Amino acid sequence: MQDNPTLDREHIDRIRTVAQLRSVCSGEVLYEPSCPDVPLFVVLDGTVSAIRESGQFTGEMSLISGNRPLVTARVTQDGAVLELTREKVLSLMAKDTEVGDILMGAFVARRLLAIQLGEGNVVLFGTKSSGRTLALREFLTRNGHPFTYIDIDTDSCASELMEKLDVRNGEIPVVYCNRRYVLRNPSIAELAACLDLNINIDKGVRDVLVIGAGPAGLAAAVYAASEGLKTLVIEKSAPGGQAGSSSKIENYLGFPTGLSGQELANRSIAQIQKFGAQLMVAQSVVHIDSSRQPYKVILESGLKFNARSVVIATGAQYARLPVEEAEAFTGRGVYYNATYMEAQLCDSEEVAVVGGGNSAGQAAVFLAQTSSKVHLLVRSRKLSESMSQYLIARIEAHPRIEIHYVTQIGAVTGTAHLESIEWKDDSLGIKVNRPIRHVFVMAGAAPRTEWLEDSFVLDKKGFIVTGPDLAGCTNFQWPLSRSPLLLETSVPGIFAVGDTRAGSVKRVASEVGEGAMAVHLVHRFLAEGTERHNAA
């Protein structure tokens, strides 16, 4: 993908048919970060900011999403441009594959370059020992939003910048947002609001509303939007789900060298926005009113959306470390992700990974690249019960990974940061205390279904029961003459996919497959509604 390609004459002629020709003057601002939903400008003559050649164009991924742009586009030499609204750009990309690929490739490449360079409208001041700082960094990173991070303990310029912004050390973490606002120790929701990440979400009725933006939810959104369904995805924090915390996924079809969970999420976000789906982040769904059609989905913030069908893809979360005091060290020595960001915090140190599944195995191999030693703590007597063989072979052969079977952490100690842990080896009947300051927990899978009402049938562990499995549930009443569809919950037209569904296969490929399958079933349900309406 090129970040600054040049359109040829034929491409420009095809764009000209849907664009407006406009004369521009030196010094004129075409758009700036305060302007949402900005147009695309193709330069015919003159120069705009860094664009020096005729046939080059403005814009990056914020143009597709309708969010505020990261930079200012200013005319630096008189000339002429072709102007296209965002709606016309999306329409053009859908109809003209060749031009669409050029535009989309440039938009993605420019966003990736901005992330790599830390260029954008956010400066985050924090410290490595701050759990709140890590949470904000993770939110920005997983949302693919470029930012500059300044560690106040190590950056020589930090004091001067903080003085200019009237910021004190006790207020860390601090976010300088949109070159205008200073947020002191903000919540995730406050940061999302300052960046207007959800500014372009309209209130119309959706054909399908997807709750959760892990692999299953993103797959459902891609297929729904590409098939013409009006689609909205609502995500509690940031896209990627549990898979987004994986440093490398190597057994996903089509990627023989693997890709990170973050890469998979970023590519999926670009896809859903390309097809016109909308994504709302940092918003929690707390209730679904299924008493009438269209269903009403209610958010914690009080916002309400109507949808003809719903796909629940809230996934599962790693079980919290069941140790007294562990919660106090979240983000300060106890982590539930294992990405490059967390790896930076424990470079050349001894670490522990808790878990025996693929995610824990991937984390152990990844962390062993930079850590002095990795202790893999597993409750079972062998890894083959829950881990793929390729990972087992890699772990057993790695000189810096030591496996401890039938072992669990029993205590953690520290003051401002985790300082040591104690684990019990049940096979030997001994307790071991080690000065380990970083523990990565990737064990267990607790479904995120605590918000669902009694109208939804759950199994004993809280996972959503669907399709034929509902027939064996007590006190289950189905209101339609047909049986529940394969992924349909106990409420007609509401489907569950991925890790949140009882009996699902806990693999990324399976989640993506279920998300795609759900859209096929959504079409069947919506068609039934049309038939009922016509019959009436």
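Keep in mind the model is a prediction, meaning the values are calculated, not measured. All values below were derived from every heavy atom in this structure, side-chain atoms included, with hydrogens, water molecules and symmetry-related copies excluded.
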Between the main-chain N or O of [Y] and the side-chain N or O of [X], is there a donor-acceptor pair closer than 3.5 Å?
{"X": "Ser388", "Y": "Tyr390", "answer": "no"}
{"X": "Glu60", "Y": "Ser62", "answer": "yes"}
{"X": "Ser246", "Y": "Lys248", "answer": "no"}
{"X": "Ser309", "Y": "Asp207", "answer": "yes"}
{"X": "Ser371", "Y": "Val374", "answer": "no"}
{"X": "Thr148", "Y": "Gly118", "answer": "yes"}
{"X": "Ser260", "Y": "Glu263", "answer": "yes"}
{"X": "Glu227", "Y": "Ala224", "answer": "no"}

Apply salt bridge (Lys or Arg N to Asp or Glu O under 4.0 Å) to Glu98 and Arg14, showing your working. CA-CA 11 Å; Glu98 188 177 358; Arg14 298 201 311 248; 3.3 Å; yes
Considering non-hydrogen atoms only, spot the tightest contact between [X] and [Y] and give its length.
{"X": "Pro39", "Y": "Leu63", "value": "O-CD1, 3.4 Å"}
{"X": "Thr500", "Y": "Ala313", "value": "CG2-CA, 4.4 Å"}
{"X": "Ile201", "Y": "Leu279", "value": "CD1-O, 3.7 Å"}
{"X": "Val281", "Y": "Ser237", "value": "CB-O, 3.7 Å"}
{"X": "Ile115", "Y": "Gly144", "value": "CD1-O, 3.6 Å"}
{"X": "Leu376", "Y": "Ala364", "value": "CD1-CB, 4.5 Å"}

Between Gln344 and Tyr340, is any side-chain donor less than 3.5 angstrom from a side-chain acceptor?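 Yes, Tyr340 and Gln344 have a side-chain donor paired with an acceptor closer than 3.5 Å.
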Between Gln283 and Ser301, a side-chain donor and acceptor under 3.5 Å: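 The criterion, which ignores hydrogens and geometry beyond distance, is satisfied for Ser301 and Gln283.
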Between Asn266 and Gln262, does the side-chain hydrogen bond (donor to acceptor under 3.5 Å, both in side chains) criterion hold? Intermediate values first, please. CA-CA 6 Å; Asn266 287 342; Gln262 185 60 54; 2.9 Å; yes
Taking the side chain as C-beta and beyond, is there a heavy-atom pair between [X] and [Y] under 4.5 Å?
{"X": "Val208", "Y": "Val519", "value": "no"}
{"X": "Pro484", "Y": "Ser490", "value": "no"}
{"X": "Ser504", "Y": "Glu514", "value": "yes"}
{"X": "Ile312", "Y": "Ile288", "value": "yes"}

Is there a salt bridge (Lys or Arg N to Asp or Glu O under 4.0 Å) between Glu488 and Arg482? Walk through the geometry before answering. CA-CA 12 Å; Glu488 199 166 20; Arg482 66 162 174 81; 2.9 Å; yes
Return the CZ to CG distance between Arg507 and Asn251, rounded to the nearest 0.5 Å.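 Atom-to-atom, Arg507:CZ and Asn251:CG are 6.5 Å apart.
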[X] and side chain to side chain contact (heavy atoms under 4.5 Å, CB included): which partner among [options]?
{"X": "Ile234", "options": "Val285, Asn198, Val210", "answer": "Val285"}
{"X": "Tyr335", "options": "Met442, Glu342, Met341", "answer": "Glu342"}
{"X": "Thr314", "options": "Ile211, Val497, Asp499", "answer": "Ile211"}

Starting from the C-alpha separation in whole Å, work towards a yes-or-no answer on salt bridge (Lys or Arg N to Asp or Glu O under 4.0 Å) for Lys230 and Asp202. CA-CA 11 Å; Lys230 190 172 183 182; Asp202 63 76; 3.5 Å; yes
Any idea how Trp478 and Phe476 line up, ring-wise: parallel (<30°), tilted (30 to 60°), or perpendicular (>60°)?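 Geometry flag for Phe476 against Trp478: tilted rings.
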How are the rings of Phe495 and Phe525 set relative to one another: parallel (under 30°), tilted (30 to 60°) or perpendicular (over 60°)? perpendicular
Derivation and outcome, side-chain hydrogen bond (donor to acceptor under 3.5 Å, both in side chains), residues Arg206 and Gln278: CA-CA 10 Å; Arg206 267 50 182 209; Gln278 293 184 319; 2.4 Å; yes
Does NZ or CZ of [X] lie under 6.0 Å from the centre of the six-membered ring of [Y], at an angle within 45° of the ring axis?
{"X": "Arg308", "Y": "Tyr295", "answer": "no"}
{"X": "Arg110", "Y": "Phe57", "answer": "yes"}
{"X": "Lys203", "Y": "Phe305", "answer": "yes"}

Take a 6.0 Å sphere around CG of Leu253 and say whether it holds more than 12 heavy atoms from other residues, nucleotides or ligands.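 12 or below, so no.
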Asp469 and Arg501 ion-paired at < 4.0 Å: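 A salt bridge is absent here (no side-chain N lies under 4.0 Å from a carboxylate O).
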SB check Arg394 Glu250 (cutoff 4.0 Å):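 Salt bridge present between Arg394 and Glu250.
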Report the C-alpha separation of Tyr318 and Tyr336 in whole Å, then their side-chain angles, then the decisive distance to 0.1 Å, and conclude whether the ring pair (Phe, Tyr, Trp, His ring centres under 6.0 Å) test is met. CA-CA 7 Å; Tyr318 295 121; Tyr336 296 88; 7.4 Å; no
Using the rule given for side-chain hydrogen bond (donor to acceptor under 3.5 Å, both in side chains), can you reason through Asp96 versus His11, listing the C-alpha separation, both sets of side-chain angles and the distance that settles it, and then say yes or no? CA-CA 10 Å; Asp96 192 325; His11 295 146; over 6 Å; no
Give the C-alpha distance, both sets of side-chain angles, the deciding distance and a yes or no for side-chain hydrogen bond (donor to acceptor under 3.5 Å, both in side chains) between Asn337 and Thr339. CA-CA 6 Å; Asn337 295 307; Thr339 65; over 6 Å; no
